[in-house]
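Read the structure below first, then the notes.
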Number of protein chains: 2
Amino acid sequence: MPDSFDTPDAARPPISRSRRNTGRTVLSDVAKLAGVSTATVSRVYNEPDKVSATVRERVEHAALALNWFPNAAGRALASTRSHIAGFIIPTLDDQVFASQVSGMQAAFAARDITLVLGCSNYDPAQAIVQVRAMLARGVEAMAIVGEAHPAELFAALQLYRVPYAVTYAYREGSQHHCIGFDNRAAYAEITEHLIGLGHRSFAVCIQPTRDNDRVQARIAGIRSALERHGLAVRPEHLLEGESTIGFGRRCLRSIWQSLGERPSALICGNDHIAFGVLREAEELGIEIPDELSVTGFDDLAIAKEIRPALTTMRVDTAEIGRLAAQHLLDALDGKRPQHGHEVHALLQVRQSTGPCLR
Amino acid sequence: MPDSFDTPDAARPPISRSRRNTGRTVLSDVAKLAGVSTATVSRVYNEPDKVSATVRERVEHAALALNWFPNAAGRALASTRSHIAGFIIPTLDDQVFASQVSGMQAAFAARDITLVLGCSNYDPAQAIVQVRAMLARGVEAMAIVGEAHPAELFAALQLYRVPYAVTYAYREGSQHHCIGFDNRAAYAEITEHLIGLGHRSFAVCIQPTRDNDRVQARIAGIRSALERHGLAVRPEHLLEGESTIGFGRRCLRSIWQSLGERPSALICGNDHIAFGVLREAEELGIEIPDELSVTGFDDLAIAKEIRPALTTMRVDTAEIGRLAAQHLLDALDGKRPQHGHEVHALLQVRQSTGPCLR
DNA sequence: TTGTAGGCGTTATCAA
DNA sequence: TTGATAACGCCTACAA
């Protein structure tokens, strides 16, 4: 500064008034040791090509010697890029979601983005809290399982211009970018499979429909397929409950004990429930599939091992996670926004379903 | 400032040279709208008691009106607290680890700490990379599954004074704070159970021992129990492989086909492997447990449902996650460092084990 | 290719 | 109880 008089600042003693000093090694220490400016050190890690080989080497050497690495908070603040993405799932206690996380995390990690997880426990209110927390963390992109969430949630994402994707569910005409499979079509396919075997009387044991678009779509798929053939599920044969073996057992018992016509086919919301049904059938002496055909969903590893082997559907959930990450990375790269990506659920016909012998 | 002359700063035109301006709502906007200083706004969210009720209300109102919430990066930088904890697990594709994450995440969330996950895929090199990434993120605490990691990994944690805990494995005399169960004792107990049933010839089908202290401890537990009774596992009866149904099947086939004495008891590294063994036994016409006793580990939901029901051990993995989080929170609160916390694996004796009929 | 310096959004120190 | 202001660690527009 060319001014001939001291500025007030310069007039003060060189010891600054209050220095917090965290004691950790920072970028400027590396710059000093390497004999370069802080800008150069930064470039070595962010735009390596713009630095000459010799200088780069000197800096890397200094960083190694001081055991320094860039601080993420400082980086995020200065660059307004957090290198964080978020994923909100109902729970980790279901393999179906855990593997989506797994696939997504790997894909993001390859691009140096940290995936932060939020579990909503199937509660819309918790989902909103999680989204807010992620926005506070400055997530650059978000994924969320399913689309049955408060409008407020998606509004917040749009307000802050965070690209997002809905996973696991895929629906034509959805407002959102979906990466998943068509739950409705999948259950319509299961239903058609059974109808094709001659079944006319159906029961359904499925997860709670509340706040769950996937489950609602599945039931809609069953109903639409039945309708096409002039059929329907009787109210007392549509049971909702937790996705456990125990629920499956209770379902079959109550269906078998109730008065009125017994179904010849039972569609389950997933393999766990179906396992329960098969086990209970064994104890009640119900022949599978001759007396009752049973279907699951997810194709867990044991599905093809149990006796009778379970007819079910397989979805590549890890692939869904990977594709969702890719979709979001493309969005971050400013690429054209595809509407989404549909993967397909594959029917695995095994021993638990057979012709209706009525 | 009481100086009578303009400082150089004030002399400059009011338009600063380069203003980046991210366009987002920031704390100072709230301060302006509420008619208070930035310090006061900060206090409202960090030390609410130090702010009068009226002012607090005005600030909260302004924040709501502007839809503002604190930016995590700025917060982390200024406070040198990231509100982030890290957890490194081998993989999410194993329920045993996923539920630890689940329990830990819930416990941390209650204290407003975000849990960041890292998957090592059972690779020590990846584990180190993950730890470095977490240190860069400024994790305040860390957990990691098992203690078979490069010394360098723990050294880094200590160098940066990050409190950490080892989960899933608990070992007397460990250098680290462990929250888990004693793998060695658990498998010794399984072995004693079988010895008590009269078995003298054992086979073991277990996960790869490489870089895996839990598996190594399990084998050590088996050996020590056998030794106490003057017994041992023959090398050709100790098989290592992936934890899948397929591996279990291959194991039994190869053991049954090989020459020499057949074992009367088969100890598996987990329930998946055991399921495979049971299935293959069914196909080979081997009577369980009369011809062969089989044990698993984990007590998956289906373990008690399959026929014969599987003798196995149950560990509350979600509880391990919760306890580990609590341990780390205590450390952050400066509480006395307990050495760790042992939970116990519980033997579930069912139909797949029985007296040796040789 | 390298350096200078201001700013990213918040908290913490000190003074009022 | 409240306000003014200097950090926190890094990035980046601009100048050299």
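In the text below, chain A, chain B and the rest are named by the order of the sequence lines, each starting its count at 1.
A 4.5 Å side-chain heavy-atom check between A:Leu332 and A:Arg111 finds every atom pair outside the cut-off. Here the side chains of B:Leu92 and A:Leu92 are in contact, with some heavy-atom distance below 4.5 Å.
Here D:dA13 presents its P atom at 12 Å from CG of A:Asn46, a figure rounded to the nearest Å. Summarising the geometry, the separation between CG on B:Leu66 and C1' on C:dG9 is reported as 15 Å, rounded to the nearest angstrom. Distance B:Leu27 CG to D:dA4 P: 14 Å, rounded to the nearest Å. Atom CZ in A:Arg137 sits roughly 14 Å away from atom P in C:dT10 (whole-Å rounding). Between A:Leu77 atom CG and C:dG7 atom P there is a gap of 14 Å when expressed in whole angstrom units. When the C1' atom of D:dT2 is taken as reference, atom CD of B:Glu47 falls 12 Å away, rounded to whole Å. Separating the CG atom of A:Asn71 from the P atom of C:dC8 is a distance of 18 Å, rounded to the nearest angstrom. Going from atom CZ of B:Arg81 over to atom C1' of D:dG9 covers 18 Å, rounded to whole Å.
A:Ser79 has no side-chain polar atom (N or O) that falls below the 4.0 Å cut-off from OP1 or OP2 of D:dC11.
The side chain of A:Ser52 has C:dT1 as its nearest neighbour among D:dT2, D:dC10, C:dT1. In this structure, the nucleotide among D:dT12, D:dA4, C:dT10 sitting nearest to the side chain of A:Ser42 is D:dT12. In the set C:dT2, D:dC11, C:dT11, C:dT11 carries the atom at the smallest distance from any side-chain atom of B:Arg75. Taking only side-chain atoms of A:Thr38, from C-beta outward, the nucleotide of D:dT2, C:dA5, C:dG9 with the closest atom is C:dA5. Distance from the side chain of A:Trp68 is smallest for D:dC10 among the nucleotides D:dG3, D:dC10, C:dG3.
Centroid-to-centroid, the aromatic rings of B:His327 and B:His177 come within less than 6.0 Å. The distance between the ring centers of A:Phe108 and A:Phe87 does not fall below 6.0 angstrom.
The residue A:Val41 sits apart from the nucleic acid: no heavy atom pair falls under 4.0 Å. Within 4.0 Å of A:Ser28, counting heavy atoms only, lies no atom of the nucleic acid at all. Among the protein residues, B:Thr80 comes within range of no part of the nucleic acid, since none of its heavy atoms lies under 4.0 Å from any strand. Nucleic acid contact class of A:Arg43 (heavy atoms, under 4.0 Å, all strands): base.
With values rounded to the nearest 0.5 angstrom, A:Ile89 atom CD1 is found 12.0 Å from A:Tyr168 atom OH.
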